[in-house]
Protein chains: 2
Amino acid sequence: MSTIRDVSKQAGLSIATVSRALSTPEKVSPESLKRVQAAIEKLQYRPNMLSQKFRYNSANSIVVLVPNIANLFFSTVISGIENVAQKRGFNVLLGDTRDSMQREQEFVHLVETRQADGLIQLRPYKANNSLLPKAHVTAVNASGCENTPYPTVRIDNVAAAQEVMRYLISLGHKRIGMISGLKDNPHAIDRMRGYKAALAEAGIEFDPALVTEGDFTLWSGLNASGHFSRMPTPPTALFCMNDEMAIGAIKGLKSKGFRVPEDISVTGFDDLEFAKYSDPALTTIAQPAGKIGEKAAELLFQLLDGTHEGSTEFVLPYEFVIRQSTGPAPQQQN
Amino acid sequence: MSTIRDVSKQAGLSIATVSRALSTPEKVSPESLKRVQAAIEKLQYRPNMLSQKFRYNSANSIVVLVPNIANLFFSTVISGIENVAQKRGFNVLLGDTRDSMQREQEFVHLVETRQADGLIQLRPYKANNSLLPKAHVTAVNASGCENTPYPTVRIDNVAAAQEVMRYLISLGHKRIGMISGLKDNPHAIDRMRGYKAALAEAGIEFDPALVTEGDFTLWSGLNASGHFSRMPTPPTALFCMNDEMAIGAIKGLKSKGFRVPEDISVTGFDDLEFAKYSDPALTTIAQPAGKIGEKAAELLFQLLDGTHEGSTEFVLPYEFVIRQSTGPAPQQQN
DNA sequence: CTGTTAGCGCATTCAC
DNA sequence: GTGAATGCGCTAACAG
């Protein structure tokens, strides 16, 4: 591997001139420029970015902490982050944490040790969980939730859940089951609030028996659906906290002889590509996953540049998409 | 940000001793060690890895080139790569190329400029497309295909496709349609060979009218299914080159009044998590996506270490998973 | 066991 | 427009 020194020798010029030829060619005479270029070509010289990073004390990379990369919602957010990082000439370091705090800590360490300049966290933070502030690490939480002290980009989960519930209620549903995420998941907490708010609004009493816990996977949705199908009077609608669980639940319900939506309506959350192709196609909340990623990255760069002003909380619009998995409440159930 | 020099001053020791305390504590007296630790604690010192990387001329990272990160197959492979990179203390740089050669080139550049030590390509290479060899870049192709000059980890696509086809033929199917990937996609080429081989074996003539081209997306599968449903005598089975297209096709066929598998059998390829939850559940080839990633990473590290011996082509076993989307050919069609 | 010294590759002074 | 000299933070070789 040739260095800038080799190039300078080959060109018969000083290191400084070669360096200038690379960064500010207008400050170098055409003649020298040509010789430098020839030398570079001949030696197949490539500047050692490791050295540049060291000198500038800037890694030109950001790390993205993701609980599980093989999750379509997250990977779409990452796509958005990549988009703007690419434009800024930044690399994206992938931190697949698998919900392990230890792994997460290791990736935060990358920023502390300057291997990355900043961090985007895709996992929603719990209020008490303050991994970041003890280190001076520039960070943004994408897909964040309310009441966190971190700069955050999110949608209004409470309102979105409430909107879905209002729609179900408007279709005549009164017994509406829910497949929640883990109880301490901040998204689960927010969406639960929307669920309860809509019930209260409609004068329907909250029934804990209608709530069952999943973990946002297909399997947990399938599993949870069993709880409902075994009830003497099953709910007529099921509000699922994400699309995977909704699709899993539909699978389970159908196998038990339920028709969706004739016997039971099912709603999701996220609007994965697969939601359209589910049978029946899923009524769901479309989160602007790509946009969330882009906005989070933009915010992070502003923070890094010190050019950010104003609020550090961005609430992006969601969209309620009505498809075929929801219908009027069956008459006999009233 | 404090440096090792600050720590040495604070501890009243030389820089070298501090450095040793960090890397080889057994070579430092307990007394000094304690003072170093105290100084580090007080100053909140963190070693600057940028400097270490520079000195060792090793970035301790690998880049993964992926055509589309929001694709479940790829993200599962990446998960596998992450697994072994993590163990080796390497970072994974994400290169979402979006099928753009320019973007791909930029990521290869990361290796040329030492920002990464090696590269794993998830896109299958065409025989003529030699992006890598002109640069001296250590690389492995995961999900590769036959006859490439690069170290590669793959499954036997020809045999897998042939096995699926044999199964369909054994069920009595004679008119078997295919939803292919883009014609010049190496995977498409290999799987097509398997398709044709099975037909030839069974004495069934190849009919180009039964082949339609998709691009591995859900939508293209849905779209392609229209081609078949409009035929005067549609095929009784459909071999799709991946699960997404199969799921899209099933959606399309059902909407046209076809029953799967009673009227038409459908098979996929990959065995995404969603394949189980499709209705009907998909008969498909299970690629060991995670394993492919792990093996590719292991191979890359061996190459980087110079400890690799023997073949640079690994063919991993696949599994043929029979679910409910396939059944006997309908009688009336014979 | 500890300290002094040199140098990794590059960009940037400051002279000329 | 150009070159010589300096230093970024760290480790390794050497000397004590």
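Note on naming: letters A, B, ... go to the chains in the order of the sequence lines (proteins, then strands), and numbering restarts at 1 for each one.
- Of the side-chain N and O atoms in B/Thr17, none sit less than 4.0 angstrom from OP1 or OP2 of C/dT2.
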May I have the list of side-chain donor-acceptor pairs in residues 87-94 of chain A shorter than 3.5 Å, sequence neighbours left out?
| residue | atom | partner | partner atom | Å |
| --- | --- | --- | --- | --- |
| A/Arg88 | NH1 | A/Asp305 | OD2 | 2.9 |
| A/Arg88 | NH2 | A/Asp305 | OD1 | 3.3 |
| A/Asn91 | ND2 | B/Gln115 | OE1 | 3.4 |

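- Considering only the side chain of A/Arg55, D/dC8 comes nearest among C/dT13, D/dC8, D/dG9.
- Dashed line: the shortest gap from a side-chain N or O of B/Ser51 to OP1 or OP2 of D/dC10 is not under 4.0 Å.
- The side chain of A/Tyr56 approaches C/dT12 more closely than any other nucleotide in the set D/dC10, C/dG9, C/dT12.
- Following rounding to the nearest Å, A/Met49 (CE) and D/dC8 (P) show an atom-to-atom distance of 21 Å.
- Ranking D/dA12, C/dT12, C/dC10 by closeness to the B/Ala16 side chain, first place goes to D/dA12.
- Considering only the side chain of B/Ser19, D/dT11 comes nearest among D/dG9, C/dA11, D/dT11.
- In the region residues 21-33 of chain A, proximity to DNA chain D at under 4.0 angstrom, judged on heavy atoms, holds for A/Lys27, A/Val28, A/Ser29, A/Ser32.
- Results of the side chain to side chain contact (heavy atoms under 4.5 Å, CB included) test with B/Ile120 over B/Val66, B/Ile62, B/Leu65 single out B/Ile62 as the only residue that passes.
- Nucleic acid contact class of A/Ile15 (heavy atoms, under 4.0 Å, all strands): none.
- Judged purely by distance below 3.5 Å, without hydrogens or angles, the side chains of A/Asn83 and A/Glu294 pair a donor atom with an acceptor atom.
- Within the model, atoms OG of B/Ser75 and CG of A/Asn68 stand 8.0 Å from one another, a figure rounded to the nearest 0.5 Å.
- Of the N and O atoms on the side chains of B/His109 and B/Glu112, at least one donor lies less than 3.5 Å from an acceptor on the other residue.
- Defined by atom type and a distance below 3.5 Å, a donor-acceptor pair is missing between the side-chain atoms of B/Glu309 and B/Gln302.
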